[in-house]
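I have placed the structure first, in the form of structure tokens, so that the comments after it can refer back to it.
Below, chains carry the letters A, B, ... as their sequence lines are ordered, and counting in each starts from 1. Every heavy atom of this structure was used, including side-chain atoms; hydrogens, water molecules and symmetry mates were not.
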There are 2 protein chains.
Amino acid sequence: MSQMQNVERQLREMILGLEIGPGERLTERWIESRFGASRTPVRAALLRLETEGLIGRDGRGWTVAPINLAELGQIAVYREAVEVAAVRLTAALEDRGGIEVIAAMLDSCDAETPREEWHRVGMDFHIELARLSGNEFLLRAVRDAMTRLSRARWLEVRDEKALGRAWAEHHAILVAVKAGHADEAARLLSAHIAGSRGRLVTSLHDDRRGLRARGFAVVAA
Amino acid sequence: MSQMQNVERQLREMILGLEIGPGERLTERWIESRFGASRTPVRAALLRLETEGLIGRDGRGWTVAPINLAELGQIAVYREAVEVAAVRLTAALEDRGGIEVIAAMLDSCDAETPREEWHRVGMDFHIELARLSGNEFLLRAVRDAMTRLSRARWLEVRDEKALGRAWAEHHAILVAVKAGHADEAARLLSAHIAGSRGRLVTSLHDDRRGLRARGFAVVAA
DNA sequence: GATACCAACTTGGGATACCAAGCCGGTATT
DNA sequence: AATACCGGCTTGGTATCCCAAGTTGGTATC
């Protein structure tokens, strides 16, 4: 694999994995030495990550995007629009065979599953559901939204009850889609996203002091 | 302004203005000499334009994105999802003062207005309407969709009657939004987008022979 | 002690040199 | 004449160098 994609992938994982904290400064020279690449692939990676919203410019210089509570709310509205559209499309398709695969993915998580896996599957559920619609743009939009939400979801204080509720909602959505009940699927999905947004923003808002203590920049709503 | 943004802007305008045809090959060296910049800003511009979908990689090398009829249909579905969501948000806002500005923008076009201006205003209508929602992500999505549609709309064979109909629909949507009638605005906007998609795809499909004769790559649906 | 000023360093933007891979044309062989 | 092979050229990928601007730390002056 080329250095370019390598740097981009590794840097993205460090940011999404909070190994580099929200709000932290990045210098091209540091990345260069950290990954053993030269500045050209480093700059290519930075440009890409900028369009993903994971990093931004801080005057002269680069900064890891802070956790922005107002932005999280806006993303939820955006998600709802595109995910509901995707699920309505899917419910109207003849071939909805991919649903079983998604259900199996959900069921692969149990009490022994590590937190990371729950986190990843919780995002992939929405991405794969959007993929079934066959619309590349809706898929891209959902993937982009989930990427931007990823760090916040990682920081969210989630209890097992909330996680179980989320999984039940996921399953209910799949059942409705499989049955071709577009309106019900849309309603369930909207409620799921709205609930998710509420819990997410509330959790981070309540804990923003703790987050700042960890050196994470948090922009209030 | 920095060379980087300069090259990006000029190259984007050349592509959107069809000065460089869909499907045409691009070499970094040609861009370099054409704009008097070195390869560093050229590559930055190419990376950005790639994420906008205006150019793509062709194995080793860059290519201006072809006109893709299947993609146009998918974009229409995507547009409808985000634009309807935006207009529903706007209709529910207290402050809908920006509507008059948009209406004035529409009214600035008359029989003497050059085609370019109609083209630009026809896109800006949708972008500015989305901006009123206050949601950055919906705005970005609409802007992105309109950018990807721009060349196709430019190639579309539009008669004055169709243009007049589109303007009337634009005005009707504004009236509904201003009155706070979210459902009606959503219905009108959906119909407008669906009709627009139909005319666009039909027009390009019928004329694809002529487009290919002009050296434009056209991917059939 | 406070402050104004200056030098050295850091940093991103840009330019250029080099490399490996692939494409293309020509040539030699059958 | 057809084809297989080979060498040069083009191209994107990478590394490195230079530059202007901004920051910082120290020092001299009041």
Side-chain angles (χ1 to χ4, degrees), chain A residues 1-16 19-66 68 215-217 219, chain B residues 1-16 18-66 68 212 215-217 219:
Chain A
M1 178 176 297
S2 67
Q3 282 283 31
M4 202 177 74
Q5 297 169 14
N6 226 351
V7 173
E8 181 187 344
R9 195 173 43 77
Q10 294 190 60
L11 193 54
R12 184 188 295 110
E13 279 177 17
M14 286 188 72
I15 294 172
L16 291 181
E19 298 174 51
I20 314 177
E24 213 165 307
R25 274 217 166 71
L26 285 174
T27 71
E28 298 184 356
R29 259 82 175 192
W30 178 83
I31 302 169
E32 185 182 6
S33 67
R34 174 68 176 73
F35 297 108
S38 76
R39 288 182 67 201
T40 309
V42 167
R43 297 193 54 181
L46 288 170
L47 287 172
R48 287 250 174 73
L49 294 175
E50 185 188 20
T51 70
E52 289 183 44
L54 296 184
I55 64 175
R57 302 190 181 253
D58 175 40
R60 185 191 170 79
W62 302 92
T63 308
V64 177
N68 186 327
F216 295 163
V219 178
Chain B
M1 180 179 297
S2 69
Q3 281 283 33
M4 202 177 75
Q5 298 169 13
N6 228 346
V7 173
E8 181 187 345
R9 194 172 43 77
Q10 294 189 58
L11 193 54
R12 183 189 294 111
E13 279 179 16
M14 286 188 73
I15 293 172
L16 292 181
L18 295 169
E19 297 174 52
I20 314 178
E24 215 164 307
R25 275 219 164 72
L26 285 174
T27 71
E28 297 184 356
R29 259 79 175 195
W30 178 83
I31 301 169
E32 183 182 5
S33 67
R34 174 69 175 73
F35 297 107
S38 77
R39 289 182 67 201
T40 308
V42 167
R43 300 208 45 188
L46 287 171
L47 287 171
R48 288 251 175 73
L49 294 176
E50 185 189 19
T51 69
E52 289 183 44
L54 295 184
I55 64 176
R57 300 190 183 253
D58 175 39
R60 184 189 171 78
W62 302 92
T63 308
V64 177
N68 187 325
R212 292 212 178 93
F216 295 164
V219 178

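In this structure, CD1 in B:I55 is found 9.0 Å from OG1 in B:T63, a value given to the nearest 0.5 Å. Atom CD1 of A:I31 and atom CG of A:L49 lie 8.5 Å apart (nearest 0.5 Å). To the nearest 0.5 angstrom, B:S38 atom OG is 11.5 Å from B:R43 atom CZ.
In the region residues 26-42 of chain B, proximity to DNA chain C at under 4.0 angstrom, judged on heavy atoms, holds for B:R29, B:A37, B:S38, B:R39, B:T40, B:P41.
We find that CG of A:N6 is positioned 15 Å from P of D:dG13, with the value rounded to whole Å. Put simply, CG on A:L46 is 14 Å from P on C:dG14, counting in whole angstrom units.
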Let me see the working for B:N6 and B:F35 under side-chain contact (heavy atoms from CB on, under 4.5 Å), right down to the final yes or no. CA-CA 9 Å; B:N6 228 346; B:F35 297 107; over 6 Å; no
When you look at B:R34 and B:M14, which way does the side-chain contact (heavy atoms from CB on, under 4.5 Å) test go after all the steps? CA-CA 12 Å; B:R34 174 69 175 73; B:M14 286 188 73; 4.0 Å; yes
Go through the steps to decide whether B:L54 and B:L11 satisfy the test side-chain contact (heavy atoms from CB on, under 4.5 Å), and finish with yes or no. CA-CA 10 Å; B:L54 295 184; B:L11 193 54; over 6 Å; no
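With a 6.0 Å radius and a threshold of 12 heavy atoms from other residues, nucleotides or ligands, B:R212 has its CZ atom above the threshold.
A heavy-atom distance below 4.5 Å is found between the side chains of A:W62 and A:E50.
Between B:R57 and D:dT11, a side-chain N or O to OP1/OP2 separation shorter than 4.0 Å is absent. Residue B:R43 has a polar side-chain atom (N or O) positioned under 4.0 Å from OP1 or OP2 of D:dG13.
In plain terms, the two heavy atoms of B:E28 and B:V42 that are nearest each other are O-CG1, 4.0 Å.
A salt bridge is defined here as a Lys NZ or Arg NE, NH1 or NH2 lying under 4.0 Å from an Asp or Glu carboxylate O, and A:E8 with A:R12 meets this definition.
Recorded end-axis angle for the helix from C:dG1-D:dC30 to C:dT30-D:dA1 stands at 20°, based on five pairs per end and rounded to 10 degrees.
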Grab the N/O contacts between the protein and nucleotides 22-25 of chain D below 3.5 Å, and write none if there aren't any.
none

